[in-house]
Amino acid sequence: MADTATELETLLSGLNDPQREAVTYGEGPLLILAGAGSGKTRVLTHRIAYLVATDAAKPNEILAITFTNKAAGEMRDRAELLVGRRVRAMWVMTFHAACARMLRAHADKLGYTRRFTIYDQADARRLIKRCLDELGIDPKRFTPASIHNQISDAKNKLRDADAYAQMVGSFFEQTVADVYRAYERELHRMNAMDFDDLLVRAVNVLELFQEVRDQYAGTFRHVLVDEYQDTNHAQYRWLQLLAEERRNLMVVGDDAQSIYGFRGADIRNILEFEDTFPDAHVVKLEQNYRSTQTILDAANAVIRNNRGQKPKSLWTELGQGDPIKIRELEDEHAEARFVTGEVQRLLDEGVSRAEVAVFYRTNAQSRVLQDTLVRGDIPYQVIGGTKFYERAEIKDAIAYLITLVNPQDAGAFTRIVNAPRRGIGSTSMSRVLAFSNTTGTSIWDAASEPEQVPGLGGPAVKAFKRFMATMHVLRERATSNPPIAELLKEVLQETGYLEALEAERTIEAQGRLENLEELVNVAAEYDAAAETDPAREPSLAEFLEQIALISDADDRSDDEGLVTLMTLHNAKGLEYPIVFMIGCEEGVFPHSRALDEGGLEEERRLCYVGITRAQRDLYLTYARTRNVFGARSFGAPSRFIGEIPDGLTDREQQQPRGLAGVRARATSWVSAGSSGGSVPAWDADAPTPAAAAFRMGEDVTHPKFGEGVVTGLEPGGIVVIHFSRDGSERKMVADLAPISKR
DNA sequence: TATAATTCTCTTTTT
DNA sequence: GAGAATTATA
């Protein structure tokens, strides 16, 4: 037992008081309010180790949930350092992965097979588009994207199609209700689930089948959740079902870092945790081990402008540090040159590239910066936005594999049936689809007997026969569980996919071939990993699940000599000695669309996240003008810059802000005339910004909200518009919002 | 039916 | 300024 005592001592050494309190707290609900950089992952992993070391839980009785694969991987690695191989028995994974794992075992109870397909956003939208066509709804009036958002929102709140239909108000919602029904029917028919379904169906299974609930709730003695502020209602319910009985639920989060409201995250989950669990024990972690006091003061000052945060103030023992550097640049190119030059200078001083990160609000902003970094010969990595798994050739290859696993998936089938071209056009394909629909046979079976399909021409029948002959051979091959890399290569070979690409002899095709090579490598890695871990049961279905749940943000590397570029959202949970936040302009950050939708506070939290990533040096830059859409636009400095006290920055005096500032610069820019040869977005003889062009009572249209009337004008170039379609009143930045006169 | 040309539309953040 | 989606043409 002396061993255990020493083990515990080592485990707890180096923790501060609140951290220690969180790690050693006994049974019952536990809320950890963990400020940025306060060591929350440390607390989580140490508590896991503590629970195991004190026999409060066996490894397989621990469920530790994160949002990203990256975070799950990191938690697993760090826990392994503390408890060794025992970590293998634990469930340390994302919400979606955990739900998928449950569903593989129990989906049959809901009428799915265990080989169901997981649809990503693009797949889901394609299917919704098909539902729209089927229902005869004009996809221009109601875009698949907006309908999908609405459905996704409903699912996150655990509202099924019937529940949604009960509470429709507008015509738009009525339409969504119809599409929702059709969409659900189609998904189920194709044995497919979208991302949201993974959670919804997991909740369904737990609610409907007591024995399943007993099984999991009984097994998981302790449930730990990271980033709790980002949970939505479905996730909340899922956790509740699993942890209600034993009540050993530990949630860790920071309400100030809740930045996924747009995806259904409900900040109330964390704000009201103590109401839900009146006996909850609360621990606040406020000591920051990451940043200088200057950076923390700036973060505290910005977030103070939000209402309804849990009061919390970060402090550090690391000292004051240098002032925050704020720079105004002419345009995005000058901004990129400034960042590049500054990075260059830092590198000369001996800073390593891995210590530098650049954050931006939208992925599009990275392009100019990349160009400049390339010219400056600075190696970098871009996190996210690359969309490897969204490339057409990768989706095609995966769709082939899906078809072999889930022959009911008409979406995947439709994708590959004529890729490469084999003379099966959309007309023929719709005939087979219709046949499959009316007869209730799977798309695979329908296509296997094309002569049964009414109206199908002779050449089309022949083409289907040839195609399906190949597919049957491949399916046969797949049943013997070959290495997936091998199978994939065969698929690409036998279907003529590679051949068609090779025949193109273009640079693009060459790139696609390389991407497919890369996919084969991914498969080979999976095969290798499965081989070394005999506990795992590798399968094509599992491989496909892994791929479906992977995200671009997962392949970040920290040890290479690379400067890192990413969106602010991707930056959460990371830290860098030197941080640049670029594009700090109204309309860019805070983003105009977020402003339209009342998401200012969330934008501010995003700013808080960005600032608190910096350990030593923080740069905020903004450009006077910027190309948006290919048209030049003007933006005032971000209000967030103004919210940082001057004393914390190196700026001499307050920058001019608001409409006056915009106008002054706009005018001077126009008069400067010659720079770059670009033309302002509005006529040169109308030097005032577009904002002034709108008048009270004027009729305008907005591509998304439809027709409306200007009901107010506010300083800062903001117009208030009342939209007739949904009766809403919205404030928009006239320069940036896509509004036009009627 | 396939390809080429052309016309739109979009861009917030992501499991 | 880039994609996708649609339309025209072979």
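Convention: sequence-line order gives letters A, B, ...; per-chain numbering from 1. Just so we're clear, the structure is a prediction, and the values are computed from it rather than from any experiment.
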Which part of the nucleic acid does A:Gly423 contact within heavy-atom distance under 4.0 Å: base, sugar-phosphate only, or nothing?
-> sugar-phosphate
Taking OP1 and OP2 of B:dT15, is either one under 4.0 Å from a side-chain nitrogen or oxygen of A:Asn156?
-> no
Between A:Asn69 (CG) and B:dT14 (P), how many Å, whole number?
-> 14 Å
Is the shortest side-chain N/O distance from A:Asn570 to OP1 or OP2 of B:dT14 below 4.0 Å?
-> yes
Look at A:Thr68 and B:dT14 and indicate whether a side-chain polar atom (N or O) is within less than 4.0 Å of OP1 or OP2.
-> no
Where do A:Glu184 and A:Arg201 land on the salt bridge (charged side-chain N to carboxylate O under 4.0 Å, His left out) test, with the steps shown first?
-> CA-CA 12 Å; A:Glu184 290 288 86; A:Arg201 302 296 166 225; 2.9 Å; yes
Within this structure, what is the NE2-to-P distance between A:His591 and B:dT13, rounded to whole angstrom?
-> 7 Å
For A:Phe95 and A:Ser428, take the nucleotide of DNA chain B holding the closest heavy atom to each; which residue's nucleotide lies nearer the 5' end?
-> A:Ser428
A:Phe640 side chain reached by A:Glu603 side chain, heavy atoms, under 4.5 Å = yes
How about A:Phe262 and A:His569: are their ring centroids closer than 6.0 Å?
-> yes
Starting at atom CD1 of A:Ile118, determine the distance to atom C1' of B:dT14, rounded to an integer number of angstrom.
-> 15 Å
Find the distance A:Ile547:CD1 to B:dT15:C1' and express it as a whole number of Å.
-> 16 Å
How close or far is atom C1' of B:dT14 from atom CE of A:Met566, stated in whole angstroms?
-> 14 Å
Nearest whole angstrom, please: distance from the P of B:dT14 to the NZ of A:Lys70.
-> 10 Å
Let me have the donor-acceptor pairs involving side chains of residues 263-270 of chain A, under 3.5 Å, with sequence neighbours excluded, atom names and distances please.
residue: A:Asp266; atom: OD1; partner: A:Arg268; partner atom: N; Å: 3.0
residue: A:Asp266; atom: OD1; partner: A:Arg268; partner atom: NE; Å: 3.1
residue: A:Asp266; atom: OD2; partner: A:Arg268; partner atom: NE; Å: 3.3
residue: A:Asp266; atom: OD2; partner: A:Arg268; partner atom: NH2; Å: 2.8
residue: A:Asn269; atom: ND2; partner: A:Thr231; partner atom: O; Å: 3.1
residue: A:Asn269; atom: ND2; partner: A:Thr231; partner atom: OG1; Å: 3.1
residue: A:Asn269; atom: ND2; partner: A:Asn232; partner atom: O; Å: 3.4

Would you kindly give the NZ-to-C1' distance between A:Lys129 and C:dG3, to the nearest whole Å?
-> 15 Å
Side-chain N or O of A:Asn363 less than 4.0 angstrom from OP1 or OP2 on B:dT13?
-> yes
Per atom distances to the A:Thr143 side chain, the nearest of B:dC10, B:dT14, C:dT6 is B:dC10
May I ask you to say what A:Glu602 touches in the nucleic acid, namely base, sugar-phosphate or nothing, with a heavy-atom cut-off under 4.0 Å?
-> nothing
Sequence neighbours left out, what passes side-chain hydrogen bond (donor to acceptor under 3.5 Å, both in side chains) with A:Thr143? Give chain and number order.
-> A:Ser146
Between A:Asn418 and A:Asp196, the residue closer to the 5' end of DNA chain B by nearest nucleotide is A:Asn418
Ring centroids of A:Phe262 and B:dT13 base under 5.5 Å with planes under 30° | yes
N or O in side chain of A:Thr567 less than 4.0 angstrom from B:dT14 OP1/OP2 = yes
To the nearest angstrom, how far is A:Asp120 atom CG from B:dT14 atom C1'?
-> 11 Å
